[in-house]
Amino acid sequence: MAGLTLLSSTIDLVLALTLLWLAWRALNSPDLFRAVVLFIALGLVLGLVWVRLDAVDIALAEIALGAGVTGALLLAALAKLQATETDTAEAAPLGLRWLIALLLLLPLLGLGWVVWQLWVPTPGLAELVDARLDESGVDYPVTAVLLNFRGYDTLLELAVLLLALIGVWSLSTAPHLGDEAPEPALAALSRLLAPLMILVAAYLVWVGARAPGGAFQAGSVLGAAGVLLRLSGWPLAAPASGWPLRLVLVLGVAVFAFIGLAVMGFGQPLLGYPPGWATPAILTIELAATLSIGAILAALFIGGRP
């Protein structure tokens, strides 16, 4: 037992030091491409840290969103920069870097104090969630909180994603999809991986009611599949880039808001599902949100209005 405890502590220490090293290297690297790669590696290691903290849901979201989709977005943004800017970035003067470090010292001390307070045992809301879990419509407490007890927060998160895409679309139009010749190896790989990623997304939606998973994790996998298809030169049919695409984009927010308002006709509060209807309501919201999240993330990577 003592040996396992020592091994566990060693793993945690290695992960913590690796996180700090990757963060510093990503911030301090003058090469932008290397900085993005280090950022992606940071997201992957951070996912392992969340697993060590028994937060599997956050780990899935971090690896898929923080490392995968966000890394792809950063690489796409980097590719749009001028050639003179993609090689190296001029390093800031040493005095300016020391000044920034001193300005960040106070927030760092405050954050360290907050983290230290996490060691103090607190009751939290776990007991309250467990006491009402039977009424939530699902068996997994995280899903119960996100889509029932705190559904308004999740609805706003979906709305923020949609607004972000509207902001991107307002800036420019997207390049013609499918005009470039696909790279053979990547095209073959995408044909193999894309169906598998869709199956994984469907599984994550279904299992989210009783285990780690759900709409954001499944949607991020769908979005990653869209990014992969885009990188492989997969053409997007012209009819699909019109109203069908826009319908899918707003589907999550629309279904979520409609159900949240419709239950008020049964004497329930906003987003307060009637007894016996919580399970189908949550599953419907999860399915719609998954499609919207996947489409929004893929559209953000495309980087413009179709």
Side-chain angles (χ1 to χ4, degrees), residues 40 43-44 46-48 50-51 55-73 75-76 137-140 142-144 146-147 154 157-158 161 165 177-178 182-237 239-241 244-245 247-256 279-302:
I40 296 173
L44 295 175
L46 189 56
L48 296 178
W50 285 119
V51 172
V56 181
D57 293 271
I58 303 178
L60 290 172
E62 175 61 39
I63 292 174
L65 286 174
V69 177
T70 305
L73 288 174
L75 289 174
V138 294
D139 298 326
Y140 190 55
V142 175
T143 304
L146 293 179
L147 290 174
T154 306
E157 291 174 357
L158 289 173
L161 270 179
L165 179 63
L177 304 182
E183 202 279 327
L186 186 57
L189 184 64
S190 66
R191 286 195 294 268
L192 176 65
L193 291 181
L196 179 61
M197 297 172 77
I198 294 174
L199 288 177
V200 170
Y203 171 77
L204 288 174
V205 173
W206 182 253
V207 81
R210 55 187 179 276
F216 275 92
Q217 290 80 2
S220 61
V221 174
L222 274 184
V227 170
L228 178 62
L229 291 173
R230 170 63 183 140
L231 290 174
S232 64
W234 179 73
L236 180 64
S241 63
L245 174 61
L247 176 62
V248 174
L249 294 173
V250 303
L251 187 64
V253 174
V255 170
F256 209 146
T279 299
I282 289 177
L283 182 58
T284 302
I285 292 172
E286 290 261 70
L287 290 173
T290 297
L291 294 176
S292 291
I293 293 171
I296 289 173
L297 293 177
L300 285 172
F301 177 77
I302 292 174

Atom [atom1] of [X] and atom [atom2] of [Y]: how far apart are they, to the nearest 0.5 Å?
{"X": "I63", "Y": "I58", "atom1": "CD1", "atom2": "CD1", "value": "12.0 Å"}
{"X": "L291", "Y": "L249", "atom1": "CG", "atom2": "CG", "value": "10.5 Å"}
{"X": "T70", "Y": "I40", "atom1": "OG1", "atom2": "CD1", "value": "9.0 Å"}
{"X": "L287", "Y": "S292", "atom1": "CG", "atom2": "OG", "value": "11.0 Å"}
{"X": "I296", "Y": "L251", "atom1": "CD1", "atom2": "CG", "value": "10.0 Å"}
{"X": "W206", "Y": "T290", "atom1": "CH2", "atom2": "OG1", "value": "13.0 Å"}

Exercise for the section: Kindly say whether L228 contributes a backbone atom to a donor-acceptor pair with the side chain of S190 at under 3.5 angstrom? Expected result: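 Not at all, since once roles are kept as given, no pair shorter than 3.5 Å links the two residues.
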Handout entry: Stepwise side chain to side chain contact (heavy atoms under 4.5 Å, CB included) test for F256 and L147
Key = CA-CA 9 Å; F256 209 146; L147 290 174; 3.8 Å; yes
Exercise for the section: Report the C-alpha separation of R210 and T143 in whole Å, then their side-chain angles, then the decisive distance to 0.1 Å, and conclude whether the side chain to side chain contact (heavy atoms under 4.5 Å, CB included) test is met. Expected result: CA-CA 8 Å; R210 55 187 179 276; T143 304; over 6 Å; no
Handout entry: Smallest separation among heavy atoms of A59 and G47, with atom names
Key =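 Scanning both residues completely, I find the closest heavy atoms to be CB-O, 3.3 Å.
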Handout entry: CA sep, side-chain torsions, deciding dist, call: W50, V56, side chain to side chain contact (heavy atoms under 4.5 Å, CB included)
Key = CA-CA 6 Å; W50 285 119; V56 181; over 6 Å; no
Practice task
For residues L300 and L73, determine if any side-chain heavy atom of one lies less than 4.5 Å from a side-chain heavy atom of the other.
Solution key: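 SC-SC contact between L300 and L73 confirmed.
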Handout entry: Min side-chain heavy-atom separation L65-L297 under 4.5 Å
Key =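 Sidechains of L297 and L65: in contact.
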Identify all side-chain donor-acceptor contacts of residues 211-225 below 3.5 Å with residues at least two apart in sequence or on another chain.
unit_1, atom_1, unit_2, atom_2, d
Q217, NE2, D57, O, 3.0
S220, OG, F216, O, 3.2
S220, OG, Q217, O, 2.6

Show me the donor-acceptor pairs within less than 3.5 Å that the side chains of residues 191-198 make with the rest of the protein, sequence neighbours left out.
none

